[in-house]
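Just so it is clear, the structure is predicted and the values come from calculations on it, not from any experiment. By convention in this document, chain letters (A, B, ...) are assigned in the order of the sequence lines, proteins followed by strands, and residues within each chain are numbered from 1.
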Amino acid sequence: MKNIVSFIVGALFATGLVIGGMVKVQVVKGFLDIFGQWNFDLILLMISSVLVHTVLFQLIKKRPTPLLDTKFHLPTRKDIDKKLLIGAAIFGLGWGWGGICPGPGIVNLVTGRVESILFVISMIVGMLLYKNLEKLQQQKVKK
Amino acid sequence: MIWPILGGILIGLSVSVMLFFNGRVTGVSGITSSLLVKSQESKDWKVAFILGLLVAGGILYAFFPQHFLQTSIATKIDYIMAGLFVGFGTVMGNGCTSGHGVCGLSRFSIRSLMAVLTFMIFGIAGTYLFKLTHGGL
């Protein structure tokens, strides 16, 4: 049942991305190009998505548990460290350079275009690269 | 103007459905990166989510191909560089536009707010640098 919900969420999420313009590189770059001909469409998408979830989050959190699980799995970290900011900065540069963030990257695979496949493969390589670096660092600390 | 708003509402609804039923945060980079390593936790719901993205994406692509990735002046190398940065940065910073952006901001998480401000500023910088070096978007 949980998996069916996840599948439906994925499908709705992708539909939102596509009709909202997030999957189109030109729209995303037009939004980030504030010094050029700024296309503010995506600010509307961000505001509306956050507003909807802010309201529903408050309602959902009134329940002791989610419907299909024994507890809510919410992030608990509150610290703002160098890793968070440097990571976000690196992600931002890549997002601005290519006009694609992870969700739209995966959705764009359906076009079968070489560019979209190269993007996702490199994204996975980048993810593994950081995970392995982190592991190496932790091993060093232990020694 | 109506489409980005409708898209945003749909995104906000979908992440709310995930929280209401499964108690999970819908962070695409976190879901994807945790599928790459061994773990005791169940991966099924994550795979189902990605499949949902692809199936809906495929159906929409059949009807509205103009809403997807299109030819631009960006080369294959540009997409590889962008992918590496996006993958590395989202794992290092624990989230992307969905996890920190939609989910984090809606929970009033200061950590996510700082991440969003940072990736917006550097996103603007990334697009600016691209434009500077390529002469267009």
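Pairs engaging residues 50-61 of chain B under the salt bridge (charged side-chain N to carboxylate O under 4.0 Å, His left out) rule: none recorded [sequence neighbours left out]. Residue pairs meeting the ring pair (Phe, Tyr, Trp, His ring centres under 6.0 Å) criterion with at least one partner in residues 16-44 of chain B, sequence neighbours excluded, do not occur; the list is empty.
Per-residue heavy-atom pair counts under 4.5 Å with chain B were compared for Ile60(A), Val23(A), Leu12(A), and the maximum is reached by Ile60(A). The choice from Leu6(B), Val102(B), Ile50(B) that makes the most heavy-atom pairs within less than 4.5 Å of chain A is Val102(B). Note: Leu69(B) leads Val28(B), Leu69(B), Ile2(B), Val55(B) in heavy-atom pairs under 4.5 Å with chain A. Ranked by heavy-atom pairs under 4.5 Å with chain B, the list Cys101(A), Gly99(A), Gly21(A), Pro75(A) is led by Pro75(A). Ranked by non-hydrogen atom pairs under 4.5 Å with chain B, the options Ala14(A), Gly20(A), Ala88(A) are led by Ala88(A). Ranking Val17(B), Leu117(B), Leu51(B), Ile9(B) against chain A, the residue ahead of the rest is Ile9(B), based on heavy-atom pairs under 4.5 Å. Here Cys96(B) is the residue among Cys103(B), Gly58(B), Cys96(B) with the most heavy-atom pairs under 4.5 Å with chain A. Of the residues considered (Gly7(B), Gly8(B), Gly12(B), Gly27(B)), Gly8(B) shows the highest number of contacts with chain A, using heavy-atom pairs under 4.5 Å. Of the listed residues (Val25(B), Leu13(B), Ile80(B), Ile31(B)), the one with the most heavy-atom contacts under 4.5 Å to chain A is Ile80(B). Contact count versus chain B (heavy atoms, under 4.5 Å) is highest, among Ile106(A), Ile121(A), Leu59(A), for Ile106(A). For the options Gly105(A), Pro66(A), Gly103(A), Gly30(A), heavy-atom pairs under 4.5 Å to chain B are most numerous at Pro66(A).
Rounding to the nearest 0.5 Å places CG of Leu45(A) at 4.5 Å from CD1 of Ile11(B). Here the CG-CE distance, from Leu128(A) to Met123(A), works out to 10.5 Å after rounding to the nearest 0.5 Å. A distance of 4.0 Å separates CD1 in Ile124(B) from CD1 in Ile34(A), rounded to the nearest 0.5 Å.
Hydrophobic clustering of Ile, Leu, Val, Met, Phe, Trp and Tyr side chains at less than 4.5 Å, counting indirect connections, keeps Leu85(A) apart from Val116(B). Ile86(A) and Phe85(B) fall within a single hydrophobic cluster, where Ile, Leu, Val, Met, Phe, Trp and Tyr side chains are chained together by heavy-atom contacts under 4.5 Å. In terms of hydrophobic clustering, with Ile, Leu, Val, Met, Phe, Trp and Tyr side chains grouped at heavy-atom distances under 4.5 Å, Leu67(A) and Leu56(A) are assigned to a common cluster. Note: the hydrophobic cluster containing Ile43(A) does not contain Leu137(B) (ILVMFWY, side chain heavy atoms under 4.5 Å, direct or indirect links).
Contacts between Val47(B) and chain A at a heavy-atom distance below 4.5 Å are absent for every atom of the residue. Interface residue Leu60(B): only side-chain heavy atoms are found under 4.5 Å from chain A. Looking at Met81(B), the atoms closer than 4.5 Å to chain A (heavy atoms on both sides) all sit in the side chain, from C-beta outward. Within the 4.5 angstrom heavy-atom criterion, atoms from both the backbone and the side chain of Val15(B) approach chain A. Contact annotation for Leu109(A): only side-chain heavy atoms (C-beta onward) come within less than 4.5 Å of a heavy atom of chain B. Heavy atoms closer than 4.5 Å to chain B are found in the side chain of Leu133(A), but not in its backbone. Interface remark: Phe108(B) contributes side-chain atoms only to the contact with chain A (heavy atom separation under 4.5 Å). Of the two parts of Val114(A), only the side chain, counted from C-beta on, holds a non-hydrogen atom closer than 4.5 Å to a non-hydrogen atom of chain B.
The local environment of CZ in Phe130(B) is crowded, with over 12 non-hydrogen atoms from other residues, nucleotides or ligands closer than 6.0 Å. Dense packing is recorded around CZ of Phe88(B), with more than 12 heavy atoms of other residues, nucleotides or ligands lying under 6.0 Å away.
Here the side chains of Pro102(A) and Phe91(A) are in contact, with some heavy-atom distance below 4.5 Å. Looking only at side-chain heavy atoms (C-beta outward), Val91(B) and Leu129(A) stay at 4.5 Å or farther from each other.
Applying the under-4.5 Å side-chain rule to Ile, Leu, Val, Met, Phe, Trp and Tyr, the cluster around Leu136(A) consists of that residue alone.
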Stepwise side-chain contact (heavy atoms from CB on, under 4.5 Å) test for Val55(A) and Leu51(A): CA-CA 6 Å; Val55(A) 173; Leu51(A) 273 181; 5.8 Å; no
Using atom types as modelled and no hydrogens or angles, find all donor-acceptor pairs between chain B and chain A shorter than 3.5 Å.
| unit_1 | atom_1 | unit_2 | atom_2 | d |
| --- | --- | --- | --- | --- |
| Ile5(B) | O | Ser48(A) | OG | 3.3 |
| Ser16(B) | OG | His53(A) | ND1 | 2.9 |
| Phe20(B) | O | Leu67(A) | N | 2.9 |
| Phe21(B) | O | Leu68(A) | N | 2.7 |
| Asn22(B) | ND2 | Lys2(A) | O | 3.1 |
| Asn22(B) | ND2 | Ser6(A) | OG | 3.2 |
| Gly23(B) | O | His73(A) | N | 2.7 |
| Trp45(B) | N | Asn3(A) | OD1 | 3.2 |
| Trp45(B) | O | Ser6(A) | OG | 3.3 |
| Gln66(B) | O | Lys24(A) | NZ | 3.3 |
| Leu69(B) | N | Asn108(A) | OD1 | 3.0 |
| Thr71(B) | O | Gln26(A) | NE2 | 3.4 |
| Asp78(B) | OD1 | Trp97(A) | NE1 | 3.1 |
| Ser106(B) | OG | Val50(A) | O | 3.3 |
| Arg111(B) | NH1 | Asp79(A) | O | 2.9 |
| Thr127(B) | OG1 | Gly96(A) | O | 2.9 |
| Lys131(B) | NZ | Asp33(A) | OD1 | 3.2 |
| Lys131(B) | NZ | Asp33(A) | OD2 | 3.1 |

